[in-house]
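A quick write-up on the structure given underneath.
Here is how names work: the chains are called A, B, and so on, in the same order as the sequence lines, proteins then strands, and each is numbered from 1. Everything quoted here is computed from the prediction, not taken from an experiment. These numbers come from the heavy atoms of this one structure, side chains and all, not from hydrogens, waters or symmetry mates.
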Number of protein chains: 2
Amino acid sequence: MSVTLKTVAKKSGYSVTTVSRALNGHSDVNVETRQKIEQVARELHYYPNRVAQQLVTKKANVIGLYSLDRETFKNQFIALMISGMMDEATRHDFNLLLFTTQRLQTAQDLINQCTHRGLGGAVISGLRIDEPLLDDLVGMDFPTVLIDVPLQGPRATYVSVDNVLGASQAIDHLAGLGHRQIGFVNGHGAAWVSQERHEGYQRGMQQNGLSPQPGYVFEGDFSKESGRRGAERLLKSHPELTAIFAASDLMAAGVLEQLQLMGLDVPRDISVVGFDDQDLCTHVTPSLTTIRQDMYTFGRVAAQELIAMVNDADYMPQHVDLPSVLVPRASSGPRRTV
Amino acid sequence: MSVTLKTVAKKSGYSVTTVSRALNGHSDVNVETRQKIEQVARELHYYPNRVAQQLVTKKANVIGLYSLDRETFKNQFIALMISGMMDEATRHDFNLLLFTTQRLQTAQDLINQCTHRGLGGAVISGLRIDEPLLDDLVGMDFPTVLIDVPLQGPRATYVSVDNVLGASQAIDHLAGLGHRQIGFVNGHGAAWVSQERHEGYQRGMQQNGLSPQPGYVFEGDFSKESGRRGAERLLKSHPELTAIFAASDLMAAGVLEQLQLMGLDVPRDISVVGFDDQDLCTHVTPSLTTIRQDMYTFGRVAAQELIAMVNDADYMPQHVDLPSVLVPRASSGPRRTV
DNA sequence: GCTCTGATCCGAAACGTTTCGGATTTTCCG
DNA sequence: CGGAAAATCCGAAACGTTTCGGATCAGAGC
């Protein structure tokens, strides 16, 4: 059968206890003994049974990623995040468990589910800002890291970029190119990042001495189609616009498509800036100027904070704002001088 | 603390054994007793501890996805597959574990690692065809499903599309549009799909009465950059080409870029067909005609076969060839009549 | 010589579940 | 009514690990 501590004990002539302590680096075992045991363990290809380990220590070396929005699986957002979490998890010898849920239960149920699946903590992605569960979550004694939803507690934190800053960087960039009438295609209001990016848009406009008119803002839903609709609507009612900032690359791609459909040349007639820096930025023509957020690092940092919490009950989790950087490409250019 | 079988037993007045059997639907427990116990369990919010369950039953309700090629995390390939696996896993009340490994060990080591992490079986993605581990894998008594690498055994199978057919569909499409000189930008030879698609290219040419010249084939590496190089090289040495088939969408995007750089109009001067049907097909201009393979279903089917193997030691795993379908878009058109 | 200390090892209990084998009670049938 | 069969329940062992509380022994200090 499989090789267990008992097998190693029998072969090496020591007791199960000693073998365990030797392999775990405890101090009360002779150095020669330890070496002999390690030797035998290696020969026998011994791996500790994580399940048994977990059962007794109750320290679950497992973290989970709870994804509430299945749509995100269609873009590379989630894949890069998973990639980052995985690297961090293997570095700490943790396992990474994945799951989704359609309908949400109470915070307590969610945590019960996690606990009994053996999770030590969870990263939750795709929560809506109006989720009632959110308020309860902060009080729970279960390590949690949220993605792009603000929450701070003794056992909970979140990671995001400074979306206000990111959006204002986009506006700074456009204003620097001479644009004064800048439209904004936002994501849906249930996402926290939408609120933040909207504020960033406003602040950016003001900082550059421009007046953000309410009519310059269109609320989309992060889909490409909504980007198209946004561009159409904004330009129909405000033909004076010379630039559009979209709160996601996908929507920006829709904007580009629609503008070209309307016979406008980007960036000669009108500039476009997106948000995220997904691969599609370089596939689209013209290539898309955007605000980059590094999703791989999102995953790493989230996993890092989570693991720190799991390993140390007293660890005070830190909120991390990752940097957002402007990536200039071909879709933005100087304002056309009439 | 946490509520266990013992808690329920004490509260309900029955023994741990009976509670366990009641909750698991065994027949030797009175229907009234069962109801009473279920009632108590519900009141107490009892969830069985999966870890303890796993330890004793040894039936691990956990499957894993082993990803060997980190690059795939950059495209949506893997995300969709994960999504499909997840749905199938939750449907069967299985957990989904994720991990990668940089360097490969022996098949035995790999399986040991999996087993001791509590995995009941694994989906392996990104294996190279020349991987020495591959030969050993077929003999192992560990449920395995490979993605896009052929392997059949009592405890192993693979899922893929019929890549020969897929590629020949692309050629049929182009030949049907009147093209006779069709170039081929392939992926690297270490991928099984490359060999298959190459054969499909040849077969497609022959079926349509065309002679596949060796010089019409360029070996890339699935990257966009290699698609650009491929287009450049092929057209420099064979300017008579009126169509190019690329073995992935990403390479096709590179081909498109290069062609436009060379002043050629797609599809007026030259047609392009890709493979995969990733989202970028619709972001690129002109939108990309391609051979669609449904990665979400890849994941579902892979998980399905795997779970069947885990649940039933006698289950004979089936190889599944998913359908490939041509998705005509704007990048392919009739051959230009001179 | 006697206790004390430190080094080294081990037995047994515990984690929460399933299951084997048996115990007890009830029902059924000739 | 006797006994077999069925229904219902339970004790104890097992899964593989960690850890608590010793046990043993050598050497040190007096």
Please tabulate the protein-to-nucleotide N/O contacts below 3.5 Å involving nucleotides 12-15 of chain C, giving atom names and distances.
{"unit_1": "C/dA12", "atom_1": "N6", "unit_2": "A/T17", "atom_2": "OG1", "d": "3.2"}

Please list, in numerical order, the residues of residues 29-47 of chain A that have a heavy atom closer than 4.0 Å to any atom of DNA chain C. A/V29, A/N30, A/T33
In whole Å, what is the span from the CG atom of B/D28 to the P atom of C/dA23? 16 Å
Where do A/M81 and A/I147 land on the side chain to side chain contact (heavy atoms under 4.5 Å, CB included) test, with the steps shown first? CA-CA 10 Å; A/M81 216 175 78; A/I147 302 296; 3.9 Å; yes
Side-chain N or O of A/T18 less than 4.0 angstrom from OP1 or OP2 on C/dC10? yes
Which atom pairs, one a donor and one an acceptor, fall under 3.5 Å between side chains of residues 92-99 of chain A and the rest of the protein, sequence neighbours left out?
{"unit_1": "A/H92", "atom_1": "ND1", "unit_2": "A/E88", "atom_2": "O", "d": "3.0"}
{"unit_1": "A/N95", "atom_1": "OD1", "unit_2": "B/R117", "atom_2": "NH1", "d": "2.5"}

Side-chain H-bond candidate by donor/acceptor type, B/T18 with B/S15, under 3.5 Å: yes
So the side chain to side chain donor-acceptor pair (under 3.5 Å) pairs with at least one residue in residues 144-153 of chain A (sequence neighbours excluded) are A/Q152-A/T157
To the nearest Å, how far apart are A/L23 CG and D/dT19 P? 14 Å
Rounded to whole Å, please give me the gap between OH in A/Y14 and C1' in D/dT18. 20 Å
Would you check if there is a donor-acceptor pair between the side chains of A/Q35 and A/Q39 at a distance under 3.5 Å? no
Are OP1 or OP2 of D/dT17 and a side-chain N or O of A/S20 less than 4.0 angstrom apart? no
Run the numbers on A/R300 and A/D87 for salt bridge (Lys or Arg N to Asp or Glu O under 4.0 Å), then give the verdict. CA-CA 7 Å; A/R300 280 197 65 136; A/D87 282 353; 5.1 Å; no
State, with a plain yes or no, whether a side-chain heavy atom of A/V149 is found less than 4.5 Å away from one of A/L134. yes
Paired with B/Y46, the side chain to side chain contact (heavy atoms under 4.5 Å, CB included) test is passed by just one of B/I37, B/V19, B/L5, namely B/L5
Angle class for the A/Y158/A/H319 ring planes (parallel below 30°, perpendicular above 60°, tilted otherwise)? parallel
Using a 4.5 Å cut-off on heavy atoms from C-beta on, say whether the side chain of A/T115 contacts that of A/F142. yes
Using only side-chain N and O atoms of A/Q53, determine if any of them is under 4.0 Å from OP1 or OP2 of D/dT18. yes
Once you build an axis from the first five pairs and another from the last five of the helix from C/dG1-D/dC30 to C/dG30-D/dC1, how far apart in angle are they, to 10 degrees? 60°
With sequence neighbours excluded, tell me which residues meet salt bridge (Lys or Arg N to Asp or Glu O under 4.0 Å) with A/D314. none
Rounded interatomic separation in angstrom, taking NZ from A/K59 and P from D/dG16: 24 Å
